[in-house]
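Data first, discussion second: the structure below is written as structure tokens.
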Amino acid sequence: MSIPTPGPDRTCLVTGASAGIGVELATQMAARGHGVTLVARREDRLQTLAAELRETHGIRAEVVACDLQDEAARTDLIDEIGRRGLQIDVLMNNAGFSTVGPVAEVDPAREIGMIRTNVEAVAHLCALVVPGMVERRRGAILNVASTASFQPLPGQAGYAATKAFVRSYGLALGAELAPHGVSVTTLCPGPVDTEFGEAAGFEDLNEGDGLPAFMWESASDVARCGIEALEAGRAVAIPGLANRAFAAAARVTPKALLLPILRKAHPSL
């Protein structure tokens, strides 16, 4: 299994395509000749990126502004792509954000919004798109999780839990779809230099505070790692040797030992 070949009636749907990893995923897929459908709430940014991709790579670039926290909007998104005569051959569930701080102090509405974006939207879009992929016996899905998925994370308890869902869901979905010619890869980046920290209300994430410099990866390298893993049919991709080592250690370290260390190390606590 690999990424399906581009075609005039085929598209690669990228959520969270207005910034960071999403921009790089769309750009690198366009460089491979794939038409892209860019999805996020900030339509102005999407239109700018779409114009750049058309001019640079000569591909079709569609824009659909969508609030992925809204169930009806997600259904309308997939329906709109169909109305444009396009089949979704590649789905890249990249949209997501984190709340930061102790649960006792987080905004409950923002916490639920995070779960709707990070968990509900991923499962819903997969459920909407997968039947067509199975019928056509081709397709590829890239779900973006995090190295936070490998252990509970005090200070970002909800975020780590949502990404653990994404990783578990992707592994199970990949096993289901393998006989149908559809591949699923879960991309688990560590810290990435994007707007992620600012969106979380935690600007220090973007300055490396509390995290060693060697763990940070560029959005371009993260996107490349995910796309290459998807092409190779790998179930999980972790960009960067340091992050792979951290994830491996987190899986085997007893949680009774690990959690107090993480609690003390997290800048928000």
Side-chain angles (χ1 to χ4, degrees), residues 3 14-16 19-25 28-29 90-100 114-115 117-119 121-123 125-126 140-175 177 183-197 199-200 205-206 208 210-212 214-253 255 258-259 262 265-266:
I3 300 174
V14 183
T15 70
I21 297 171
V23 170
E24 290 296 333
L25 287 171
Q28 293 183 32
M29 289 299 288
V90 184
L91 170 63
M92 294 185 162
N93 279 310
N94 165 73
F97 67 93
S98 177
T99 57
V100 173
M114 176 185 66
I115 293 170
T117 303
N118 295 9
V119 172
V122 170
L125 290 179
C126 284
I141 298 171
L142 181 71
N143 292 328
V144 179
S146 167
T147 52
S149 69
F150 292 101
Q151 72 289 307
L153 185 57
Q156 289 175 276
Y159 174 73
T162 66
K163 294 306 184 179
F165 171 90
V166 172
R167 186 167 59 87
S168 176
Y169 180 80
L171 289 170
L173 182 63
L177 296 182
S183 61
V184 180
T185 295
T186 304
L187 176 61
C188 297
V192 185
D193 187 13
T194 67
E195 297 176 5
F196 180 88
L205 280 178
N206 282 349
L211 294 169
F214 61 80
M215 294 185 70
W216 288 73
E217 298 286 333
S218 70
S220 176
D221 287 345
V222 169
R224 184 176 303 107
C225 175
I227 292 171
E228 289 177 352
L230 190 62
E231 180 68 37
R234 296 201 301 273
V236 175
I238 305 174
L241 179 60
N243 290 308
R244 290 193 290 274
F246 175 82
R251 278 180 283 193
V252 300
T253 303
K255 299 301 182 285
L258 181 63
L259 287 173
L262 294 174
H266 200 283

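What you see below is based on every heavy atom in this structure, not just the backbone, and it leaves out hydrogens, waters and symmetry mates.
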Roughly how far, to the nearest 0.5 Å, is the CG atom of L258 from the CZ atom of F150?
-> 13.0 Å

Does Q28 use its side chain to pair, donor to acceptor, with the backbone of S220 at less than 3.5 Å?
-> yes

Is there a side-chain contact between F246 and R251 (heavy atoms, below 4.5 Å)?
-> no

Go through L91 and L142 one step at a time and tell me if the side-chain contact (heavy atoms from CB on, under 4.5 Å) criterion holds.
-> CA-CA 6 Å; L91 170 63; L142 181 71; over 6 Å; no

Qualifying residue, where the test is side-chain contact (heavy atoms from CB on, under 4.5 Å) with M92 and the options are T15, I227, I141 | I227

Is a donor on one side and an acceptor on the other found under 3.5 Å between the side chain of K163 and the backbone of V144?
-> yes

Which heavy atom in L262 sits nearest to a heavy atom in P154, and how many Å separate them?
-> CB-CD, 4.1 Å

Nearest atoms (heavy-atom pairs only) where A123 meets Y169 | O-OH, 3.6 Å

Side-chain donor or acceptor of N94 paired with backbone N/O of I21 under 3.5 Å = no

With rounding to the nearest 0.5 Å, note down the distance linking OG in S149 to CD1 in I238.
-> 7.5 Å

For residues L259 and P152, determine if any side-chain heavy atom of one lies less than 4.5 Å from a side-chain heavy atom of the other.
-> yes

Between the CZ atom in R234 and the OG atom in S183, the distance rounded to the nearest 0.5 Å is 11.5 Å

Shortest non-hydrogen contact between P239 and L187, atoms and distance | CG-CD1, 3.9 Å

Shortest non-hydrogen pair, V166 vs A145, comes out as CG1-CB, 3.9 Å

Could you tell me the separation between the CG atom of L230 and the OG1 atom of T185, rounded to the nearest 0.5 Å?
-> 4.5 Å

Gap separating the CZ atom of F97 from the CE atom of M114, nearest 0.5 angstrom | 6.5 Å

Kindly give the heavy-atom pair with the smallest separation between E24 and A223, and that separation in Å.
-> CB-CB, 3.6 Å

Any T99 side-chain heavy atom under 4.5 Å of Q156 side chain = no

Gap between atom CZ of R224 and atom CG of L25 - 0.5 Å precision = 11.0 Å

Can you check whether E217's main-chain N or O pairs, donor with acceptor, with D221's side chain at less than 3.5 Å?
-> no

Is any side-chain heavy atom of C188 less than 4.5 Å from a side-chain heavy atom of N243?
-> no

Exactly one candidate in T117, T186, N143 meets side chain to side chain donor-acceptor pair (under 3.5 Å) with N93; the answer is N143

